[in-house]
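Down below is the structure, laid out as structure tokens.
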Amino acid sequence: MIGHLRRRIGTAVQRAVLEITGVVIEVPEINDAPRPEMGDLAAPVALQLARGLGRNPRQLADELVGWLADHPVEGVRGWEVAGPGFLNIQLDRGAALRELLTSLVVPKKDTAPAAPEASSSGDLAAGKERSGVPGKVLIEHTSINPNKAAHIGHLRNACLGDSVARLLRHPGHLAEPIGQVEVHNYIDDTGVQVADVVIGLIDERGLDAASTAAIPEPFDYYCWDVYTEVGQKLADAPDFAERRRHVLHALENRTGIEAAVAAVVVERIVSCHLRTMGRLGIEYDLLVGEGDILTLNLWEEAFDKLQASGALYYAESGKHEGCWMMRLSGTDGFEDLEEADKVLVRSNGVATYVAKDIAYHMWKYGLLDRDFKYREVSGYPGVWKTTAAEGESRDYGRADRAITVIDVRQSYLQAIVAQSLKLFGDGGAFTHLDYEMVALSPNTATALGIEVNSQVPEADTSDTGEDSESGKPRFVEMSGRRGHGVKADDLLDELEHRATHEVAARNPELTEGEHQAIGQQVAVAAARYFLLKYTRNALIVFDLDEALSFEGESGPYIQYATVRADRIFDRLRARFGARWSVSDALRGGDEIGETDEIERAPATSINSGFCRRLDEESSDVWQLVLALGRLDEILEQTRRTLEISSLAKYGFSLAQQFSRFYHGQSVLQEEDPDLRRLRAAITAAARVQLGVVLEVLGIEVPARM
């Protein structure tokens, strides 16, 4: 709503400038006023133009205000000049509220698009044009090595990627609708992490594929221990490197007992990961196996295209003799590197990790002729996986834009991927969404069974998480290879235990099952909000108490504010015997009828009489209305920057303002029908906007808290 008002006002100011000065300018910026007493919005246009025109800015501002006063702008109550020449703008509060209510959309359930349909014409034609859906976006996230249980650091990746997908899929408030969003999870089933677990199972524990399949759950926890043992026991053995090379060769060629054991490990671990992420409401459209990329020889085709572009050369001498190199020297972003050119194919003919990633990304954009077959993942309807063998043909890939969520340590390799795509005109449509690591607060580490003193790294205190004054650790880092870390399921279990206990204490009348169900929702809110509220370049120090706080900046706090809004409507129905609902309140009615979801309410259906009563309310109520109207701008900003923390911070601020409204303005006890309708409408608007924020953040609204 505020975004529309800004554009309307800006267009009017643009016209005023033309009429007064004869100068054509772009639509000027309309800002928030510095303080509420100075108005609602402000424009510095007179200050910006005056010097170039040789005019006094205050005088120019007076002339602009005079012209604007004679040419009313819908939604504007008044103009005044402030300071050296600012245009301060007062909005018509009733009209602004009416515009807000008109624009609202109650989020519908199950809005995520279904998986692509199978092709009716058999195999997808080689080199066929990209999907006919405009603006298809492909998001790759999570991408955990399938060798052990997911840990807390993986949750940040998955929550970021999932919320970006939810943001782009959200149907309302977006100026440029996205045609389709497709979510991938890359499964590195031929990498060294899987190879090490296979070595541990076969060499150290004497297992084959059948006995590996018979290991009881939790299988991912079992493999966590195996991986740690290999790292600690075998990594320095003289023949370990050669043994690992042998296993990697077997995995890539899918031969021998090693490949058979690896197939069992990967299938079971991936199922564990899907189950873990499912606890947080995280879902995928497609699982892409690295082994399938190798079997399909995507790199072979990608290599031919890269070579034809002139980007590759064969090293005839030097330390990389016999390797195929990607030419990066002198390229933007690689100028300052001592050795910029990158090995893509080693002298033994094996493609490097980044080479396989380039091939995968070229496939994402439909730049390769070859395509996978697909099978639905057993036990997970709607989730498909690639296969190089028998399977269906489906319309995956061929995206217009790709977003890859990988931590900041992978920035160099992702820059190489981006550079390779630029050779084919798609570099600008590739986004590496990077983020910093996740550590634990000392109290949380202790609560989860980690001996803090033994985990503080022995290095310079500026890098280790140790407080330089007290010598006590400020945070505890993770290391999967050393076995130092917190499994994601253990963290979620502890959050659920604590949340359920808190819900039971607050709602003793509910059943144990209800306590547990709500506790799970609160735990998910605690985890997801904590992992999303920080900017991506910030180190997260996860703290259980802070994450679960019902009073601080947390997911449960926003849930609680939203539940309060729902409770107001429950009580309105109970008190007045009418069928009050969010939909009815947005229109200003008492007994229009209750519905679960609505489309945009036509302006003619809104009773404008109660909107005009907004002038009688306090400044805090008006500031809440303004905040509610800013969600469209926040969503657009978040969509441009992919900085989900902006939306998370907005949600917390909005919950704070609604909580002040909840305590300061009675809805239930108000006897004046128009004031009751006004406050119910504001409550309904808050419920809708908070609901949108929570939906994008992947947080459910409990029935009680």
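Just so you know, residue 1 is the first one in the sequence shown, and it goes up from there. All values below were derived from every heavy atom in this structure, side-chain atoms included, with hydrogens, water molecules and symmetry-related copies excluded.
- A donor-acceptor pair under 3.5 Å is absent between the side-chain atoms of Gln637 and the main chain of Ser646, judged by distance alone.
- Side chain of Arg401 to backbone of Val137: no donor-acceptor contact under 3.5 angstrom is found.
- Although no hydrogens or angles enter the test, the distance criterion places a donor-acceptor pair under 3.5 Å between the side chain of Arg528 and the main chain of Leu280.
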*Give the C-alpha distance, both sets of side-chain angles, the deciding distance and a yes or no for side chain to side chain contact (heavy atoms under 4.5 Å, CB included) between Lys342 and Phe334.*
CA-CA 11 Å; Lys342 179 67 177 175; Phe334 298 91; over 6 Å; no
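- Cation-pi check for Arg268 over Tyr222 is not met; the charged atom does not lie both under 6.0 angstrom from the ring centroid and within 45 degrees of its normal.
- Counting heavy-atom neighbours within 6.0 Å of Glu267 CD, excluding the residue itself, gives a total of 12 or less.
- A distance of 11.5 Å separates CD1 in Ile293 from CG in Asn297, rounded to the nearest 0.5 Å.
- Glu290 places no side-chain N or O within 3.5 Å of a backbone atom of Tyr186 that could act as its donor or acceptor partner.
- For the pair Leu287 and Leu274, the minimum side-chain heavy-atom distance is below 4.5 Å.
- Between the side chains of Tyr313 and Asp341, at least one donor N or O lies within less than 3.5 Å of an accepting N or O.
- Under the 4.5 Å side-chain criterion, counting only non-hydrogen atoms from C-beta, Asn145 is not in contact with Val194.
- At a threshold of 4.5 Å between non-hydrogen side-chain atoms, the residues Ser143 and Asn185 count as touching.
- Below 30°, between 30° and 60°, or above 60°: for Phe542 and Phe530 the angle between ring planes is between 30° and 60°, a tilted geometry.
- Between Leu433 atom CG and Ile139 atom CD1 the span is 9.0 Å, to the nearest 0.5 Å.
- Under the 6.0 Å cut-off for aromatic ring centres, His246 and His249 do not qualify, their centroids lying 6.0 Å or more apart.
- With hydrogens and angles left out, the side-chain atoms of Asp292 and Thr295 include no donor and acceptor closer than 3.5 Å.
- If you check the side chains of Thr386 and Lys373, you find no donor sitting under 3.5 Å from an acceptor.
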_Working note: Arg394 + Glu376, criterion side chain to side chain contact (heavy atoms under 4.5 Å, CB included); need CA distance, chi angles, decisive distance, verdict._
CA-CA 11 Å; Arg394 298 183 72 82; Glu376 195 166 22; over 6 Å; no
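- Annotation: Glu494, atom CD; neighbour count of heavy atoms from other residues, nucleotides and ligands within 6.0 Å is above 12.
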*Can Lys364 and Leu421 be said to form a side chain to side chain contact (heavy atoms under 4.5 Å, CB included), step by step?*
CA-CA 11 Å; Lys364 286 181 180 181; Leu421 294 172; over 6 Å; no
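- The shortest distance between side-chain heavy atoms of Val226 and Leu201 falls below 4.5 Å.
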_Test log, rule side chain to side chain contact (heavy atoms under 4.5 Å, CB included), inputs Trp363 and Glu301_ = CA-CA 10 Å; Trp363 172 84; Glu301 184 181 352; over 6 Å; no
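- In the model, Gln414 has a side-chain atom that pairs as donor or acceptor with a side-chain atom of Asp357 under 3.5 Å.
- In this structure, the side chains of Tyr412 and Val354 stay at 4.5 Å or more apart for every pair of heavy atoms.
- In this structure, Glu636 CD and Leu631 CG are separated by 10.5 Å, a value rounded to the nearest 0.5 Å.
- A donor-acceptor pair under 3.5 Å links the side-chain atoms of Thr352 to the main chain of Leu344, judged by distance alone.
- Counting only heavy atoms from C-beta outward, the side chains of Leu697 and Ile644 approach each other to under 4.5 Å.
- Within the model, atoms NZ of Lys422 and OG1 of Thr331 stand 8.5 Å from one another, a figure rounded to the nearest 0.5 Å.
- Nearest heavy-atom pair across Leu312 and Met326 is CD2-CA, 3.9 Å.
- Between Val693 and Leu647 there is a side-chain heavy-atom pair separated by less than 4.5 Å.
- Annotation: cation-pi pair Lys356/Tyr360 absent, no NZ/CZ under 6.0 Å from the ring centroid and within 45° of its normal.
- The line from OG1 of Thr404 to CG of Leu413 is 12.0 Å long, rounded to the nearest 0.5 Å.
- Taken from CG in Asn157 to CG in Leu531, the straight-line distance is 11.0 Å, to the nearest 0.5 Å.
- Residues Glu436 and Arg156 form a side-chain contact, since some pair of their non-hydrogen atoms from C-beta on lies under 4.5 Å apart.
- A donor-acceptor pair is defined here as one N or O able to donate and one able to accept, closer than 3.5 Å; no such pair exists between the side chain of Arg244 and the backbone of Asp196.
- The two atoms that bring Thr190 and Leu248 nearest to each other are O-CD2, 3.4 Å, heavy atoms only.
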*asked:* Between Lys487 and Asp220, is the salt bridge (Lys or Arg N to Asp or Glu O under 4.0 Å) condition met? List the steps.
replied: CA-CA 10 Å; Lys487 301 175 184 71; Asp220 52 345; over 6 Å; no
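- Side-chain atoms of Glu182 come within 3.5 Å of backbone N or O of Gly397 as a donor-acceptor pair.
- Within a 6.0 Å sphere centred on CD of Glu283, other residues, nucleotides and ligands contribute 12 heavy atoms or fewer.
- Of all non-hydrogen atoms in Gln559 and Gln521, the two that sit nearest each other are NE2-O, 3.3 Å.
- A donor-acceptor pair under 3.5 Å is absent between the side-chain atoms of Arg279 and the main chain of Val524, judged by distance alone.
- Ring centers of Tyr396 and Tyr374: under 6.0 Å apart, within the cut-off.
- Using cut-offs of 30° and 60° for the angle between ring planes, the Phe303 and Trp299 rings count as perpendicular.
- The two residues Leu423 and Ser309 come nearest to each other via the heavy atoms CD1-OG, 3.7 Å.
- Across all their heavy atoms, Ile282 and Cys159 have their closest contact at CD1-N, 4.1 Å.
- A donor-acceptor pair under 3.5 Å links the side-chain atoms of Thr387 to the main chain of Ala389, judged by distance alone.
- Nearest approach of Arg169 to Asp285, heavy atoms of both residues: NH2-OD2, 3.0 Å.
- Side chain of His141 to backbone of Val183: no donor-acceptor contact under 3.5 angstrom is found.
- No side-chain N or O of Thr276 forms a donor-acceptor pair with one of His154 less than 3.5 Å apart.
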